[in-house]
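Report on one structure; see the data block that follows.
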Amino acid sequence: MSGLTFKGGVHPYEGKELSKDKPILRFMPQGDMVFPLSQHIGAPAKPVVKKGDRVLYGQMIAEAGGFVSANIYSSVSGTVKSIGKHRVATGDMVESIIIENDGLYEAAEGLPIKDINDMTKQDVIDAVKLAGIVGMGGAGFPTHVKLSPKDPDKIYYCIVNCSECEPYLTSDYRRMLEEPDKLVAGLKIILCLFDHAEGILAVEDNKPECIRNLKELTENEKRITVKTLKTKYPQGAERQLIYATTRRAVNSSMLPADAGCIVNNVDTVVSIYHAIIEKRPLTERIVTVTGDAIREPQNYLVPIGSNVRQLIETSGGFKTTPEKVISGGPMMGFAMFDLDVPIIKTSSAITCFTRDEVAQYEPSACINCGRCADVCPGRVIPARLASYAENGNEEKFLKYNGMECCECGCCSYVCPAKRQLTQSIKTMRKLLLAKKKK
Amino acid sequence: MSDLLNVSSGPHVRSKYTTSKIMGLVLLALLPATGYGIYHFGAGAALIVVISVATCVLTELVYELIMKQKVTVKDLSAAVTGLLLALNMPPTAAWWLPVIGGIFAIIFVKMLFGGLGQNFMNPALGGRCFLVICFAARMTDFNYDGMTQATPLALLRAGEAVNLKDMVFGNIAGTIGETSVIAIVIGACILLAFGIIDLRIPASYIITLIVFMGLFSGRGFDPYYLLAQLSGGGLMLGAFFMATDYATCPITDTGKIVYGICLGIMTGIFRCFGSSAEGVSFAIIFCNLLVPLIEEYTLPKCFGKGGEA
Ligand code: SF4
Ligand code: SF4
């Protein structure tokens with residue numbers, strides 16, 4: 001069977017073999033831990049500790065600053081050193097709590113959560129909120145908000161994004177290999193919330209081991225199916241994933257819930273399991289440290305707040321001087337200029353390249369070849385959108401459906417003239433979205 | 001450490017395809033037709049090819065140096081224009097014809113409109129049509145086997161018989177690159193195999209022309225006549241190599257088909273009702289002008305609004 005898919009997309013070099021067979025190791029950070037108050041979409045969290053306080057592992061240090069926001073927990077025990085601005089991977093300075101790690105991991109009590117059998121639906125959502133869970137695939141949208149659609153009876157599909165289409169990343173892959181039971185249990189918890197929903201585990205066909213494991217595990221689960229997707233970037237982009245698995249189409253002015261779908265990423269679903277069954281808040285995630293500049297590519301279980309430089313050193317450091325270090329994968333990640341930044345809830349990988357392919361090619365004139373339009377999963381014409389964006393032509397930009405771009409990067413990847421299409425379109429979209437909010 | 005790291009917006013990986021690779025492949029795909037032209041017409045044809053390519057490349061270089069612009073001849077697009085212009089020349093053309101044509105093509109059709117990708121008209125065809133208008137006699141003088149001959153399409157129009165086999169192999173009078181259907185189709189296969197072009201434009205062009213000629217030429221759907229129409233008059237060269245020029249065709253998929261249909265109709269009109277029997281070059285140039293309009297009306301539906309299926 002050839003896998004499910006969508007129109008467009010590209011096949012960049014996957015690079016997954018670097019870290020694919022490396023079991024998840026626990027990373028033990030030392031020294032200061034940095035917890036930015038904004039690790040999610042929505043209002044920043046509000047600190048509930050102050051300088052000099054002693055905090056325990058698993059203790060809440062900041063509480064959600066609104067409905068669309070998330071609690072933050074300490075991933076170590078130690079002392080609050082300060083609260084102030086600290087640099088994060090995107091380059092911004094963000095208000096953060098800095099904790100000096102005493103290395104004792106003295107644990108706080110588990111979350112005050114009832115036994116799963118005594119829980120109402122609202123209890124489950126409240127527990128997810130309490131545990132500070134957000135979308136860990138990159139966007140960081142608070143998960144309890146996602147799990148509270150207007151009409152829960154109209155949710156027909158709960159999809160787990162197991163595609164991991166971003167090149168080089170293997171964190172979800174390892175999680176699916178090592179703890180598939182937790183993934184399935186997590187999905188079952190989500191399904192409890194939606195009586196009419198079917199659970200879908202959507203895996204790309206370059207991970208046959210995972211497909212096999214998950215199929216075996218869900219053999220007797222009537223409400224869960226494992227679906228095989230064609231390996232292609234961006235198979236895991238929310239709208240493309242929904243389309244590939246359910247043939248339902250979502251545009252930029254809709255939420256997945258409007259099409260009866262809720263999509264969560266692997267690490268998020270496992271975190272829901274941790275919260276509900278083990279009563280543990282979100283304090284750690286899996287991070288792939290990889291790229292041709294890294295001596296020993298690895299997958300780590302990393303406490304949130306750990307220092308990226310330390311993590312890289314634990315991976316054997318750099319083989320040669322890297323030209324580019326990316327937080328996330330090569331298609332959608334952010335290039336960093338400072339390594340003293342923390343791992344946050346949404347950091348899926350640290351990818352280090354000895355060579356920067358972007359700097360290697362200089363952008364030249366568009367030859368109108370149409371390759372960008374061929375690969376665009378949003379089915380828009382990136383060449384035109386980028387030109388309108390560069391000339392500030394908002395009207396045309398909107399007419400050519402500029403808002404339907406999901407910023408996947410396929411157009412820039414494929415352009416023979418090496419134009420910075422995604423970058424131009426992204427900038428314009430940001431501007432227009434900000435205008436709309438006003 | 002900080003300033004050692006490159007920072008740029010994603011994506012951080014890029015495909016290996018570049019503009020010069022694409023243009024290089026187009027040159028490669030034109031080799032069979034060029035080679036056959038030289039073999040068929042002799043050293044004079046080779047000289048025209050060299051002069052034409054050199055003129056185009058040098059003109060672009062000098063223009064960019066004078067205008068203090070970035071020199072872009074390395075992208076090979078000027079070489080492609082030069083070669084296409086040569087292939088559209090009669091084999092006995094005087095040496096200064098490709099020089100004038102090349103300069104006109106590069107400066108007036110390409111560079112003054114902003115250079116590569118910005119021109120609205122195919123430069124090689126712009127150059128050729130300029131020459132046809134200015135030097136009609138010299139551009140339509142097809143000397144072959146030591147004497148001036150009419151092209152097969154002119155014969156056909158006059159009601160005379162033509163040898164179809166000769167037309168397919170290229171054993172006829174015509175411009176340097178247009179005579180051999182086989183050589184052109186080999187080149188077209190190269191373009192298709194490397195994904196440089198797709199079949200939308202050539203197929204819709206050719207099919208439309210067949211239908212049009214069948215309906216309006218007065219000869220009905222006579223296969224012999226229609227095949228001769230397809231094999232002659234540079235149709236194959238035009239359909240696969242010049243109508244598909246990226247800069248001057250629509251970027252939308254539907255637009256490409258509409259454009260091909262327009263080309264078929266225009267060529268048909270020129271051939272049935274025009275004063276000369278050819279018409280491919282003028283049809284392409286005319287349809288180049290329609291491209292912005294075609295694109296405007298064939299905007300694709302985006303994902304989530306009907307375009308996903
Ligand atoms: S891929 Fe690049 S060169 Fe081709 S049409 Fe798009 S922007 Fe232009
Ligand atoms: S325009 Fe947007 S959606 Fe389309 S390929 Fe480019 S980045 Fe992706």
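A, B, ... follow the sequence lines: proteins, then strands. Residue 1 opens every chain.
Within the 4.5 angstrom heavy-atom criterion, only side-chain atoms of B/I22, from C-beta onward, approach chain A. Only the backbone of A/P377 comes within contact range of chain B, with heavy atoms under 4.5 Å apart. Both the backbone and the side chain of A/Q423 come within less than 4.5 Å of a heavy atom in chain B. For a residue to count as touching a neighbouring chain, one of its non-hydrogen atoms must lie under 4.5 Å from one of that chain's; by this rule A/Y361 touches chain B with the side chain only. A/T422 touches chain B through its side chain: at least one heavy atom from C-beta onward sits under 4.5 Å away, while N, CA, C and O do not. With a 4.5 angstrom heavy-atom cutoff, A/R371 touches chain B only via side-chain atoms. Proximity to chain B is limited to the side chain of A/A359, based on heavy atoms less than 4.5 angstrom apart. For chain B, the nearby parts of A/V325 are the backbone and the side chain; heavy atoms of each come within less than 4.5 Å. At a 4.5 Å heavy-atom cutoff, A/A259 makes no contact with chain B through either its backbone or its side chain. For chain B, no part of A/E166 is nearby; none of its heavy atoms comes within less than 4.5 Å. With a 4.5 Å cut-off on non-hydrogen atoms, A/I367 touches chain B through its backbone and its side chain both. For B/K16, the parts lying near chain A are the backbone and the side chain together; criterion is any non-hydrogen pair under 4.5 Å. Heavy-atom distances place no part of A/C376 under 4.5 Å from chain B, backbone and side chain included. With a threshold of 4.5 angstrom between heavy atoms, A/D374 approaches chain B through side-chain atoms but not through N, CA, C or O. With a threshold of 4.5 angstrom between heavy atoms, B/T244 does not approach chain A through any atom at all. For B/I197, no part lies under 4.5 angstrom from a heavy atom of chain A.
At a threshold of 4.0 Å, the pair A/R384-B/E295 counts as salt-bridged, since one of the basic side-chain nitrogens sits closer than that to a carboxylate oxygen.
Scanning all heavy atoms of the two residues, the minimum distance from A/Y243 to B/E308 falls at CE1-CG, 3.4 Å. Here the shortest heavy-atom pairing between A/K396 and B/E296 reads NZ-OE1, 3.5 Å.
Relative to the six-membered ring of B/F303, A/R239 misses at least one condition, a distance below 6.0 Å or an angle of at most 45° to the axis.
Contacts with chain A were tallied for B/P11, B/P300, B/G117; B/P11 has the most, counting heavy-atom pairs under 4.5 Å.
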